[in-house]
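See structure below.
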Protein chains: 2
Amino acid sequence: MTEVEKTLDNKSVRPTAMRILIYKFMASKNTAVALTDIENAFEKAERTTLYRTLKTFEEKGIVHQIDDGTNISKFALCQPGCNCEIDQDLHLHFHCSHCDKTVCLTEHKIPHINLPAVYIAEDANLVIKGICDSCSDH
Amino acid sequence: MTEVEKTLDNKSVRPTAMRILIYKFMASKNTAVALTDIENAFEKAERTTLYRTLKTFEEKGIVHQIDDGTNISKFALCQPGCNCEIDQDLHLHFHCSHCDKTVCLTEHKIPHINLPAVYIAEDANLVIKGICDSCSDH
DNA sequence: AGAGATCATGCAACAGAAGTGCATTTAATG
DNA sequence: CATTAAATGCACTTCTGTTGCATGATCTCT
């Protein structure tokens, strides 16, 4: 059993060939990926399979879904200690308007907001938009 | 000239019948509206017209677009003093997972975040999800 | 190992939102 | 009123997300 297989197994996800490929692909990226990104990376991939794989990954806490304001769902691997399943890992995300990439800023957490008592906050999403490190170089 | 017509005119937007209707509709709501919401409110409305009207409104600073995490673009009228055009009115938004409505919390601004210097922040979007005031009553 | 159950995948199809091109109508201007 | 510019309506396309169903792969239990 490889490392990836162990990881999936630990999360009660059957380590099929496709899933391992998808996991490795996401691990190789330091940016969040959209369904279409994966689809384009693997010629042979079925959109539905990818879709359901990502759903499964998300349910099992392997990835978390990111909404970066592009109206396209993106996904990123959960880092060790990511508690996104219980809405406790509210790190923020950065979306680059130049290269259109989205990254997790896991070190930066969403500050606590004092809402009127009538609102019950359960989750939060903070996206900073601008120019990312790669694009600001030139 | 009515109040609404003046408002549109001030923003260099021709106050056509359709635009006035759309403006009034949005003003009558205290929640952000999606294109489809407007479409359903006016039987005779053409989707394209609404689409382009909202685009125009947004460009001219009459409304601002809200991304509440549903992957459906919503829009809300800018309040007096809303500086969303120059990315200076970073109020947050609340999305109710029960009634699916999204509201502007104009009193609550997004706190400043210290990013690594290589990132150039230009805009920010913070959405709190949970149960809204109406839904938490019962 | 084999039978049966369970889960993953592939294929087809659909729904909804977003967006574009073009012709026509409506409104502004001289 | 004639000309010009802008707004609207219609048709159509693209893209993302989603579901149903049949088939293939994998696990379990004896």
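A note on names: the letters A, B, ... follow the listed sequences, proteins ahead of strands, and every chain is numbered from 1.
At least one side-chain heavy atom of Leu92(B) sits less than 4.5 Å from a side-chain heavy atom of Ile128(B). At least one side-chain heavy atom of Ile113(A) sits less than 4.5 Å from a side-chain heavy atom of Pro111(B).
For the pair Leu35(A) CG and dT14(D) C1', the interatomic distance rounds to 16 Å; values are reported in whole Å. Separating the CD1 atom of Ile72(B) from the P atom of dA15(C) is a distance of 16 Å, rounded to the nearest angstrom. The nearest whole Å value for the distance from the CG atom in Leu54(A) to the C1' atom in dA8(C) is 14 Å. In this structure, Glu39(A) atom CD and dT9(C) atom C1' are separated by 15 Å, rounded to whole Å. Atom CD1 of Ile38(B) is separated from atom C1' of dG16(C) by 16 Å (rounded to the nearest Å). Rounded to whole Å, atom P of dC7(C) lies 15 Å from atom CG of Asp9(A). Distance NZ (Lys55(A)) to C1' (dC7(C)): 18 Å, rounded to an integer number of Å. Here dA18(C) presents its C1' atom at 12 Å from CG of Asn71(B), a figure rounded to the nearest Å.
A heavy-atom distance below 4.0 Å to DNA chain C is reached by these residues of residues 17-29 of chain A, ordered by number: Met18(A), Arg19(A). Residues from residues 41-52 of chain B with heavy atoms under 4.0 angstrom of DNA chain C, sorted by number: Arg47(B), Thr48(B), Tyr51(B), Arg52(B).
Note that the CG atom of Asp67(B) and the CG atom of Asn125(A) stand 7.5 Å from one another [nearest 0.5 Å]. The distance from atom CD of Glu122(A) to atom NZ of Lys129(B), rounded to the nearest 0.5 Å, is 11.0 Å.
Evaluation of the side chain to side chain donor-acceptor pair (under 3.5 Å) rule for Thr2(B) yields Glu5(B) as partners, not counting sequence neighbours. Listed by chain and number, the residues in a ring pair (Phe, Tyr, Trp, His ring centres under 6.0 Å) with Phe94(B) are Tyr119(A) (sequence neighbours excluded).
Side-chain nitrogen and oxygen atoms of Ser73(A) include at least one within less than 4.0 Å of the OP1 or OP2 phosphate oxygen of dG17(D). Between Thr36(A) and the phosphate of dT16(D), there is a side-chain N or O to OP1/OP2 separation shorter than 4.0 Å.
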Please list, for nucleotides 22-29 of chain D, all pairs of protein and nucleotide N/O atoms separated by less than 3.5 Å.
none

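Residues His93(B) and His108(B) place their aromatic rings such that the two centres sit no closer than 6.0 Å.
Among pairs with a residue in residues 23-44 of chain B, those fulfilling side-chain hydrogen bond (donor to acceptor under 3.5 Å, both in side chains) read Glu39(B)-Arg47(B), at least two apart in sequence or across chains.
For the residue pair Asn71(A) and Ser73(B), a side-chain donor N or O sits within less than 3.5 Å of a side-chain acceptor on the partner. Using modelled atom types and a 3.5 Å distance limit, the side chains of Thr102(A) and His95(A) yield a donor-acceptor pair.
One finds a salt bridge joining Glu3(A) and Lys6(A) here, because a Lys/Arg side-chain nitrogen approaches an Asp/Glu carboxylate oxygen to under 4.0 Å.
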